[in-house]
Amino acid sequence: MKTLEQPTAPSIKSRPIYQWPDRLPDAGDYLFVIEPCGRETLSELLREQAHERVRILLHHEGNEASSTGADLGPRRTEPAIWKRFEPKLLETLKESTVGCRLVVIGSEAFLWDVRGFAVAHGLVDEEILLYPMAGQGRRVFCAHCRTFTEGVHVSPVACTGCGCYLEVRDHFSRRLGAYMGVRVDAEEPGAVPQQEELN
Amino acid sequence: MSGHIVVKVSAIDTISPVVKQFTLEPCDRALPRFSAGSHVVVSMPGQDRWYRNAYSLLGDPADTSCYRIAVRRQEASRGGSRFMHEDVAVGDHLSISPPSNFFLPRWNARHHILIAGGIGITPFLAYLHEFERQGASHELHYSFREDTTGGFSLELQQRLGSSLHCYQGARPDFHRILADRPLGTHVYICGPQGMIDAVTRAAKDMDWADTRVHYEAFAAPESGTPFVARLAASGIDVTVDDETSLLEALEAQGVEVPNLCRGGVCGQCKTAVAEGRVEHRDAFLDDEERKRHDCIMPCVSRSLTDTLVLDL
């Protein structure tokens, strides 16, 4: 299972620590919502045991490099990928009943998008399992122009909205499914340190 | 206890042969607002000591011109419910605590299933006012012994119509009640412990997350073996007889311990134990804390040893 490497001691409290079991708890009804990168993990989980009812929803449109265009108003944070997938997920949740367990496998940003949507439609956190896949990069939220930059592997990174060089912080917003990005050269414009690989 | 409110009993209505409803009006100051699911602790002067019982507020939370409580006369009353039934008359004054709430509705729920047993209907009467006002989707399953505790069923029939399900002298099929519910459904139980256990078991069978299941686990203190509570600071020994709770015994000696629910739920009265072993009867401490025997909820819990030394 190629899940995200977890920091043993997170530098900051807001960074989620995931608890994924190798074997899913016994429940009658499982709904899997996955991205293509989660296929292998899904089959490993399903190999382990049989469930009465399993439904799988694949989100295969992939993360687009940047979430929005330039002129969508003051808040440019709606991930574009979500728009097409949302009706499918909504329909599936509407036909689900209490007792259903949701398992989300994919990039960290995707997990929190799905989790937020599911909670808004009646699931509780105890019913949701999140499996973040390694190598998918981070979603970064620009604290200045409020644009998402997807699949970020390095810091600082150029914001796809305003072009500022952002230091990618470990501070994570569960609501946005994103790490905070703040301008790295705010004090001294142009002084952009060398990029470093993010873990 | 601080912050006591003096109220006047303005009406007493017989709801059923064993249930009386008391309407309480303010005397010197306006009554505080309360939320659905709140209770107050009523202090009653007994012959040799004070009784303090918690009762749910069953009126409309938007109406603070009066509070309403309903008291079921308990066969094995320690004194409180008998006092309310026999010694309280219209025009009398009572001392009550400000309302507190350990049984709030989950406002983000999309559907509320209420399950009441007997006098356990009371917090839900307040819920229903709030649900009706907010247009929240709900249903009520009300189980009671024929002609004894079902006194509110006529009023409820008018208010709820087809979303009221009454069970006279029969236990509802909880598995059926919980089956095939849309996401966002929460269930609330108020009734005898056996009913709470049966619903939580059914919910577990059907993979309901614990956080969807809410109950009011109030327990009146039950009798036990007498013991002595020694106060470490002063060396005073307080005798706790079989019918009195530790909290009541301390209060009788003038030792004030902060408390709210007096039913082992809220954790306010948690008191450190220096020596002795505790017979835990509360619903607040977890297993690890119980094993350490270094604290006690004196409102319901007692001592396994003849003497219990308290850090008081």
Side-chain angles (χ1 to χ4, degrees), chain A residues 16 18-21 23-33 45-46 48-57 85-104 111-130 174-175, chain B residues 37 102-115 127 131 134-141 163 165 172-189 195-215 217 283 286-287:
Chain A
Y18 300 91
Q19 289 180 337
W20 53 74
R23 190 180 188 282
L24 293 172
D26 285 315
D29 181 11
Y30 270 99
L31 169 62
F32 293 88
V33 178
L45 287 171
L46 289 179
E48 282 292 317
Q49 73 214 98
H51 302 284
E52 274 170 49
R53 185 182 189 206
V54 172
R55 291 167 296 161
I56 299 165
L57 219 53
F85 186 59
E86 196 182 288
K88 263 198 284 185
L89 182 56
L90 179 61
E91 196 184 322
T92 313
L93 291 176
K94 274 188 173 160
E95 69 187 28
S96 301
T97 56
V98 174
C100 167
R101 294 290 182 273
L102 172 68
V103 184
V104 197
L111 304 188
W112 291 94
D113 284 347
V114 176
R115 180 261 173 200
F117 190 81
V119 166
H121 289 87
L123 277 167
V124 295
D125 276 316
E126 289 73 11
E127 296 161 340
I128 305 172
L129 283 160
L130 303 176
R174 286 160 162 79
R175 185 173 62 85
Chain B
F102 305 107
F103 196 44
L104 270 166
R106 298 314 190 258
W107 290 117
N108 58 350
R110 305 188 141 214
H111 183 66
H112 306 268
I113 303 176
L114 311 178
I115 302 178
Y127 274 40
F131 290 165
Q134 302 194 10
S137 169
H138 62 277
E139 64 189 63
L140 170 64
H141 298 264
S163 45
H165 307 267
D173 181 344
F174 299 125
H175 283 84
R176 237 181 72 190
I177 292 175
L178 298 181
D180 296 324
R181 294 303 189 152
L183 297 180
T185 307
H186 283 241
V187 64
Y188 310 79
I189 315 134
M195 174 183 253
I196 296 173
D197 292 344
V199 179
T200 47
R201 253 198 322 272
K204 216 167 241 347
D205 285 350
M206 301 169 85
D207 299 329
W208 282 51
D210 291 346
T211 46
R212 292 186 182 281
V213 184
H214 316 280
Y215 48 84
D286 64 31
D287 287 345

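Protein chains get the first letters and strands the later ones, always in sequence-line order, with residue 1 at the start of each. All values below come from the heavy atoms of this structure, side chains included, with hydrogens, waters and symmetry mates left out.
Taking 4.0 Å as the cut-off between side-chain N and carboxylate O, Glu126(A) and Arg212(B) do not count as a salt-bridged pair.
In plain terms, the two heavy atoms of Ala209(B) and Arg101(A) that are nearest each other are N-NH2, 4.4 Å.
Rounding to the nearest 0.5 Å places OG1 of Thr97(A) at 5.5 Å from CG of Asp180(B).
With a threshold of 4.5 angstrom between heavy atoms, Ala118(A) does not approach chain B through any atom at all. Residue contact with chain B, scored on non-hydrogen atoms closer than 4.5 Å, is absent for Asp125(A). For Thr211(B), the part sitting under 4.5 Å from any heavy atom of chain A is the side chain, from C-beta outward, and nothing else. Residue contact with chain A, scored on non-hydrogen atoms closer than 4.5 Å, involves the backbone and the side chain of Arg181(B) alike.
Of the possible donor and acceptor atoms, none in the side chain of Asp207(B) sits under 3.5 Å from a partner among the backbone N and O of Asp29(A).
Note on residues 89-100 of chain A: pairs passing salt bridge (charged side-chain N to carboxylate O under 4.0 Å, His left out), not counting sequence neighbours, are Arg55(A)-Glu95(A).
Residues forming a ring-ring contact (aromatic ring centres under 6.0 Å, His included) with His175(B) (at least two apart in sequence, or on another chain): none.
No more than 12 heavy-atom neighbours from other residues, nucleotides or ligands sit within 6.0 angstrom of CG on Asp210(B).
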